[in-house]
Amino acid sequence: MATTDAAELAKAYDPRAVESRLYARWLAAGYFKPRIDPRRRPFTIVMPPPNVTGRLHIGHALTAAIEDALVRWHRMRGEPTLWVPGKDHAGIATQVVVERELAQQGLTRHDLGRERFLEKVWEWVRTYGSIIDEQHKRLGVSCDWDRLAFTMDPGPARAVRTMFKRLYDKGLIYRGARITNWCPRCQTALSDLEVEYQDDEGLLAYVRYPLVEREGEFLTIATTRPETILADTAVAVNPADPRYQAVIGARVRVPGVDREVPVVADSAVEMEFGTGALKITPGHDPVDFEIGQRHGLPAITVIGLDGRMTAEAGAYAGLPVEEARARFLDELRARGLLERVEPYRHRVGHCQRCKTVVEPLITEQWYVRIQPLAEPAIAAVREGRIRIIPERFEKVYFNWMENIRDWCISRQLWWGHRIPVWYCRACPREIVAVETPTACPACGGPLEQDPDVLDTWFSSGLWPFSTLGWPDDTPDLRYFYPNTLMETGYDILFFWVARMIMLGIEAMGDVPFRDVYLHGLIRVEGKKMSKTAGNVLDPLELMDEYGTDATRLALTVGTTPGNDTELNLQKLEACRNFVNKLWNSARYVLLNVPAAERPATLAPLTPPAGASAPDRWIVSRANHVVAEVTRLLGDYQLGEAARTVQEFLWGEYCDWYVEMAKIQLRVGDAAAQAATRYTLARVLEQTLRLLHPFAPFVTEELWQTLLAEPLARADTTLPPSIMIAPWPTPGPRDAAAEAFVEDVIELIRAARNLRQERKVEPARYVPATVVGGARTAELRAVAPLVSGLARLQPLEIVDALAAPPRQALPLVAGGFEAYLPAAELFDVAQERARLERELAEVERLIASGEARLANPGFTQKAPAAVVEGARRQLLENRERRERLAAQLRALEE
RNA sequence: GGGCAGGUAGCUCAGCCGGUUAGAGCACCACGUUGACAUCGUGGGGGUCGGAGGUUCGAGUCCUCUCCUGCCCACCA
């Protein structure tokens, strides 16, 4: 496939040059499609369908990065992997944005009429729908585009009607006139979830209600909404309130209105609030509505659907609510019925989409009787058939589900799934059907469809199975349902996840997915991102500037499930630098490992014949990283997994192994050099596979380049793409090699440190003697590395030293004892100070180690391995102390 | 009113079942052009893990209380 090689690889990675090329190739090769195998359990996930309201933002990019990483990982593990992409018509949200656009031309949807308005919306959907798909492709998502779904497609639409009819037939959908949240701007009912409460500055008016037939006596009530007094049909007090026992059952005159209403007793009244007496307005307050129902009170409507006072409001008819409030207060004041008005901050409901203040009004709406659906949904999570990650959200879920109220599903909008109910005027009767009926089945009369549409979440609630062909019994549905995973932001746990669980169990008799992974929200500069705050990061711009891989890494590294994360340009830059580092390390390997020697196998990593200690070390470390990353991914710890690979690649492979390899390739014999080249290539190859879920493009590009030769062989057994290469499995560890090389690294570090401390010019070689003790032979084998990396030359390695050399900088590190006999760098006072400092530190460690081991509680109760570790550590520290002390003594002579 | 999360180096965050000397990236300081990489390398400074108490041989990690910050839910009008 790829023809580029080291010589052609640019000095720095240019993402734009490769991303679109690779994506097109993957798509053409069909890698995104599941390879169905009836014997294997599939990995299934549906994409949370983005709203077609506009472009994708960084939150969508986060979703895509997490899901694609998991999808790629599972695919590499050989699971038949299906990722269904989709988009949501987003009823009210989309209608609002299109209306907003019309408003700029001075038009409303009524100017166009239903039909033309819907054409306009479809136009919008086509424009933004394809932008969204392009953005997703740019992000590298490996979803099955052939199954791209839209909530308004015929399939999902039939699913919606089928579900509606099913619930209706079971008596779980009903129509009723109840008090419901109404947005006067959108002109529609809203569900409880679509109302956002915020603290607004308001007022609290204390108003006198004269008692009937008790001249001069009155009840004072406190209200934030004096204008609704016009619709009062009672006053309520708490039955246990001693202050009001005498008035229960009495009648009061509604101030400003010539209406006598009863004083009722209801325990919903809080005695502590205001005066303890509550005005009851069943027509305009949900609590009052319920109290009204309990006491058989009538409901009066003084506020209309347009948010203005109705004819019932008499003199105030036609006024907006705010103005009616002010004027009515004036009237009360004039009549001496207003005791006082206090400023008052309280929670006021606003429309989620347009922010208009919501009015609770009595309207005829369709509802889902939710309790029978909620119970099995609660049980599914309670019994572990669905697992929520992080677990703490299970509590949130239970709390909401256990207090759930009926779901208002009808919307007086134009954009959405039309409610599948038809009315026959002649009979009269209502018909609920999946297929549009042409005439009344009873009398043959003409039918009229219900003008309303469904809450957009009704259709998204069916997503895990409506995208697989439900209500038909399709092979897809049988194989891929339940989905394995639902991945989304915790902000739509109730809106979406809970509804999918309820509707999924109802429709399919089984949970819609097994795991729910909830990610956090992205914040920029400490704030939630929003257009008004002007801190919106556009994923396209980020990908242009830093590349897709870096953008995706920035979104995944350092994030934990359910926690919000901070994204900033520094982080993107760091990730871009990492991608570049990977690119350059690959260039080194490509330049030094001839094409014919590139790995033709993806088998678990084992050290080659003739491997040096560093070769064995890096192989062992690589195997450790495979195990660790696999474990972390299995635990949904994507951030940690990505960071682990990153640290290995940069901190161990590049910083140490490549540097050692450079020397080994210069000084070793042919066999040793071959072993090093093999190790360089295979460790890199394996690391590319580990990183592929997080950085798909650069890893594929490098993999193709690295393996170009073996891939091109006629008899190759390699898969043609890293995307479908097997996920690595760990080979054996080599504890001895790990320990030894880590000690050598410590020695080199200490030597470098000492050089800098003594201001030795970096380029200068300094002679050194190292005492190897029992490890002399091993150490001699890596002498060129120590010599080269610490710039020590000539380097003498001895098993023992009769006496420390004079006029030498002494050093103890990694269990080795070393001397840099450079007389001109030597300064007794400085060396003494340095050694004493180190000695003091070691003494401290020895003291604490001795104290622990002297504690019988520790030696008896702590695990044997921990005690053993402490013993070994103590011995090592004591040994180190002896050496430091000897060096210090030598200094004094 | 109820619930949840976070408070660890100047900043952004890791730290799994409690186990020796708490980590990373960025920022900071010093030095560095040996052909993978200055989008880099080497070395360094910097934190008694919000506070108090407790459990334990041992606590950033568990428990209680407390103070900040953010979020969610809720019918005190």
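Each chain gets a letter, A, B and so on, in the order its sequence line appears, and its residues count up from 1. Just so we're clear, the structure is a prediction, and the values are computed from it rather than from any experiment.
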Checklist entry - Expressed in whole Å, how much space separates the C1' atoms belonging to B:U56 and B:G18? => result 9 Å

Checklist entry - Taking the P atom of each, how far is B:A38 from B:U33, in whole Å? => result 14 Å

Item to check | B:U34 OP1/OP2 closer than 4.0 Å to side-chain N/O of A:Lys662 | outcome: no

Item to check | A:Arg755 side-chain N/O to B:G43 phosphate OP1/OP2 under 4.0 Å | outcome: no

Rounded to the nearest Å, what distance is computed from the [atom1] atom of residue [X] to the [atom2] atom of nucleotide [N]?
X: A:Tyr588; N: B:C37; atom1: OH; atom2: C1'; value: 13 Å
X: A:Phe858; N: B:G18; atom1: CZ; atom2: P; value: 15 Å
X: A:Leu553; N: B:A24; atom1: CG; atom2: P; value: 20 Å
X: A:Asn855; N: B:G19; atom1: CG; atom2: C1'; value: 13 Å
X: A:Trp400; N: B:G2; atom1: CH2; atom2: P; value: 23 Å

Item to check | Any donor-acceptor N or O pair under 3.5 Å, side chains A:Thr644, A:Glu628 | outcome: no

Quick test of your reading: applying salt bridge (charged side-chain N to carboxylate O under 4.0 Å, His left out), list the pairs with at least one residue in [range], sequence neighbours left out, ordered by first then second residue.
range: residues 223-233 of chain A; result: A:Arg225-A:Glu227, A:Arg225-A:Glu359, A:Glu227-A:Arg325, A:Asp232-A:Lys279
range: residues 633-649 of chain A; result: A:Glu640-A:Arg643, A:Arg643-A:Glu647
range: residues 553-565 of chain A; result: none

Checklist outcome for this item: Per nearest nucleotide of RNA chain B, the residue lying toward the 5' end, A:Ala870 or A:Glu272, is A:Ala870

Checklist entry - So which one's nearest nucleotide on RNA chain B is more toward 5', A:Pro856 or A:Pro762? => result A:Pro762

Next on the checklist: Please determine whether any donor N or O and acceptor N or O are separated by less than 3.5 Å between the side chain of A:Glu757 and the base of B:A30.
Outcome noted: no

Checklist entry - Does any non-hydrogen side-chain atom of A:Leu518 lie less than 4.5 Å from one of A:Thr488? => result yes

Next on the checklist: Treating primed atoms plus P, OP1 and OP2 as sugar-phosphate and everything else as base, which nucleotides of nucleotides 44-49 of chain B get B, S or - for protein heavy atoms under 4.0 Å?
Outcome noted: S-----

Pull out every protein N or O sitting under 3.5 Å from an N or O of nucleotides 38-40 of chain B, one pair per line with the distance.
| unit_1 | atom_1 | unit_2 | atom_2 | d |
| --- | --- | --- | --- | --- |
| B:U39 | O4' | A:Asn577 | OD1 | 3.1 |
| B:U39 | O2' | A:Asn580 | OD1 | 3.1 |
| B:U39 | O2 | A:Arg576 | NE | 3.3 |
| B:C40 | OP1 | A:Asn577 | ND2 | 3.0 |
| B:C40 | O3' | A:Lys581 | NZ | 3.2 |

Check the interface with nucleotides 3-14 of chain B: list each N/O to N/O pair with the protein under 3.5 Å, or write none.
| unit_1 | atom_1 | unit_2 | atom_2 | d |
| --- | --- | --- | --- | --- |
| B:C4 | OP1 | A:Lys395 | NZ | 2.8 |
| B:A14 | OP1 | A:Thr560 | OG1 | 2.9 |
| B:A14 | O2' | A:Glu640 | OE1 | 3.1 |
| B:A14 | O2' | A:Glu640 | OE2 | 2.2 |
| B:A14 | O2' | A:Arg643 | NH2 | 3.3 |

